[in-house]
Amino acid sequence: MSSNDAAPEPAIEVAGLTKRFGDLAAVDGLSFAVPRGRVTGFLGPNGAGKTTTMRVVLGLAEPTEGVATILGRPYAALEQPLAHVGAMLESTGFHPGRTGRDHLRITASAGRIGLERIDAVLDQVAMREHADRRVGGYSSGMRQRLGLATALLGDPEVLVLDEPGNGLDPAGVAWLRGFLRAFADAGRSVFVSSHLLAEMAQTVDRLVVIDRGRLVREGPVEAITSSVAQDVLVRSPDAARLGPALVAAGATVSAGDDSAAISVAGLPIERVGEIAATERAVLHELRRREASLEQAFLQLTGGEGGEGSDRLRAPAIPPPPKDAK
């Protein structure tokens with residue numbers, strides 16, 4: 001491969017990163033890459049080390065071991081860093097007595113950014129009409145938009161965003177999704193953390209999943225959701241009779257959303273259909289169901305019993321007695 005054909009440097013690269021606070025390893029030997037031109041989601045339970053990792057990437061914390069680079073260099077080595085990376089780790093660091101425009105003016109001056117960028121970013125985040133109001137009177141969603149405008153001031157190649165959807169109403173969340181997709185489609189890169197898993201599934205191209213400071217899985221969303229356990233939905237008026245037959249064949253069968261539906265795990269869909277035929281069960285629906293991002297996340301991080309996992313905790317149909325005919 002010629003040097004001209006070499007793959008471009010990742011937008012962000014983390015290699016062997018460890019960050020300890022006393023005896024606690026908040027991040028433990030973590031390695032991953034954020035490619036250019038993609039939206040990469042960063043997932044993990046509370047306390048998994050996401051914010052600490054982002055702080056190290058942005059030069060706000062020193063690693064105990066390992067390295068983190070943006071566009072091939074540590075943050076501290078970037079010339080005019082705001083022109084390369086824009087960051088939003090929280091939306092609370094605003095002086096309540098300043099207007100949104102004043103906040104952007106101070107940030108632009110400190111970053112040696114032309115003041116003409118202020119109106120441009122206010123338009124990008126639909127905040128121009130609120131720019132001359134004091135931040136203390138902003139809603140949480142308006143603060144989020146101002147935080148994103150601040151991140152965009154330097155017209156950066158990379159965005160690092162921690163929970164940017166917090167406080168946004170449904171229309172704002174939809175707007176943010178479209179904005180991040182357009183940003184990446186223009187060849188730039190987004191590294192974003194969020195607990196809004198359904199929204200992440202619609203927004204990101206790739207995922208980095210961590211737990212207890214360690215990498216659990218990295219890759220395209222589809223590859224991650226398809227790598228965890230899937231099930232088969234069976235809808236049949238004979239579900240009560242078919243369920244025990246499937247259990248006897250080695251399946252795990254859970255009650256569905258009505259009396260005619262069951263969820264079947266542990267058997268391929270073809271085998272489920274064969275057993276239904278043998279039992280002369282009428283089938284109204286037979287469909288393979290891929291795991292949602294929420295289900296994949298819960299399984300990968302050991303949170304199957306967590307909030308939102310009702311289907312995973314559905315009551316199972318017990319196997320038939322050994323002497324059943």
Side-chain angles (χ1 to χ4, degrees), residues 11-14 17 19 21 24 26-27 30 32 34 39-64 66-71 73-76 78 80-96 98 100 103-104 106-108 110-111 113 121 124-125 127 135 138-168 172-173 176-177 179-180 183-184 188-197 199-200 203-204 207-210 213:
I12 297 172
E13 188 167 18
V14 170
L17 183 65
K19 177 61 178 177
F21 297 96
L24 173 66
V27 182
L30 184 60
F32 64 85
V34 174
V39 181
T40 298
F42 194 29
L43 301 183
N46 288 336
K50 302 187 301 299
T51 299
T52 298
T53 300
M54 287 181 156
R55 288 179 58 81
V56 172
V57 167
L58 294 169
L60 299 174
E62 287 291 327
T64 305
V67 294
T69 59
I70 300 174
L71 303 173
R73 289 178 286 174
Y75 184 90
L78 293 172
Q80 277 198 289
L82 295 184
H84 298 288
V85 56
M88 185 175 74
L89 296 190
E90 58 181 30
S91 60
T92 58
F94 306 117
H95 192 295
R98 291 187 184 131
H103 169 79
L104 294 173
I106 292 169
T107 304
I113 298 167
V121 298
Q124 277 186 281
V125 302
M127 278 288 288
V135 176
Y138 280 7
S139 67
S140 57
M142 291 164 65
R143 288 171 180 262
Q144 289 292 94
R145 288 177 185 254
L146 180 60
L148 183 56
T150 306
L152 293 168
L153 267 175
D155 197 18
E157 301 169 64
V158 182
L159 281 178
V160 178
L161 308 174
D162 191 9
E163 301 287 352
N166 281 357
L168 295 180
V173 170
L176 179 65
R177 181 198 317 142
F179 176 84
L180 297 182
F183 190 89
R188 305 189 186 198
S189 309
V190 180
F191 185 45
V192 54
S193 77
S194 177
H195 286 107
L196 303 176
L197 298 183
E199 184 57 33
M200 290 285 271
T203 304
V204 307
L207 289 169
V208 174
V209 184
I210 68 172

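Heavy atoms only: backbone and side chains are in, while hydrogens, waters and symmetry mates are out. Just so you know, these numbers come straight off a predicted model, no measurement behind them.
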Cut-off 3.5 Å, side chains only: do His195 and Asn166 have a donor facing an acceptor?
no

Can you tell if the side chain of His95 reaches within under 4.5 Å of the side chain of Val135, non-hydrogen atoms only?
no

Would you name the heavy atoms of Leu17 and Val14 that are closest together and state the gap between them?
CB-CG1, 3.4 Å

Ring pair (Phe, Tyr, Trp, His ring centres under 6.0 Å) filter on His84, not counting sequence neighbours, yields none

With heavy-atom distances below 4.5 Å as the criterion, would you say the side chains of Ile106 and Arg98 are in contact?
yes

What's the verdict on side-chain contact (heavy atoms from CB on, under 4.5 Å) for Phe32 and Ile210, showing C-alpha distance, side-chain angles and the deciding distance?
CA-CA 10 Å; Phe32 64 85; Ile210 68 172; 5.6 Å; no

Test side-chain contact (heavy atoms from CB on, under 4.5 Å) applied to Gln124 and Phe179, step by step
CA-CA 9 Å; Gln124 277 186 281; Phe179 176 84; 3.8 Å; yes

Arg145 side chain vs Val125 backbone, donor-acceptor pair below 3.5 Å
yes

Looking only at heavy atoms, the pair that brings Lys50 and Pro45 closest together is NZ-O, 3.4 Å

Which class fits the ring pair Phe94 and His103: parallel under 30°, tilted 30 to 60°, perpendicular over 60°?
perpendicular

Taking the side chain as every heavy atom from C-beta outward, state whether Leu152 and Asp155 have any pair of such atoms under 4.5 Å apart.
no

Might you point out which heavy atoms bring Leu176 and Leu168 nearest each other, and give the distance in Å?
CD2-CD1, 4.0 Å

Under a 4.5 Å cut-off applied to non-hydrogen side-chain atoms, are Leu71 and Glu157 in contact?
yes

Would you give me the side-chain donor-acceptor pairs under 3.5 Å for residues 52-63, sequence neighbours excluded?
from  : atom 1 : to    : atom 2 : distance (Å)
Thr53 : OG1    : Gly49 : O      : 2.8
Arg55 : NH2    : Leu60 : O      : 3.4

Six-ring centre of Phe183, Arg188 cation under 6.0 angstrom, axis tolerance 45°
yes

Any side-chain heavy-atom pair of Leu159 and Phe191 under 4.5 Å:
no

On a heavy-atom basis, the closest approach of Leu82 and Pro156 is O-CB, 3.8 Å

Any side-chain donor near an acceptor of the partner, Thr203 and Glu199, under 3.5 Å
yes

Residue pair Val160, Val190: steps toward the side-chain contact (heavy atoms from CB on, under 4.5 Å) verdict
CA-CA 6 Å; Val160 178; Val190 180; over 6 Å; no

Looking only at heavy atoms, the pair that brings Val39 and Ala184 closest together is CG2-CB, 3.6 Å

Residue pair Pro164 / Val192, side-chain heavy-atom distance below 4.5 Å
yes

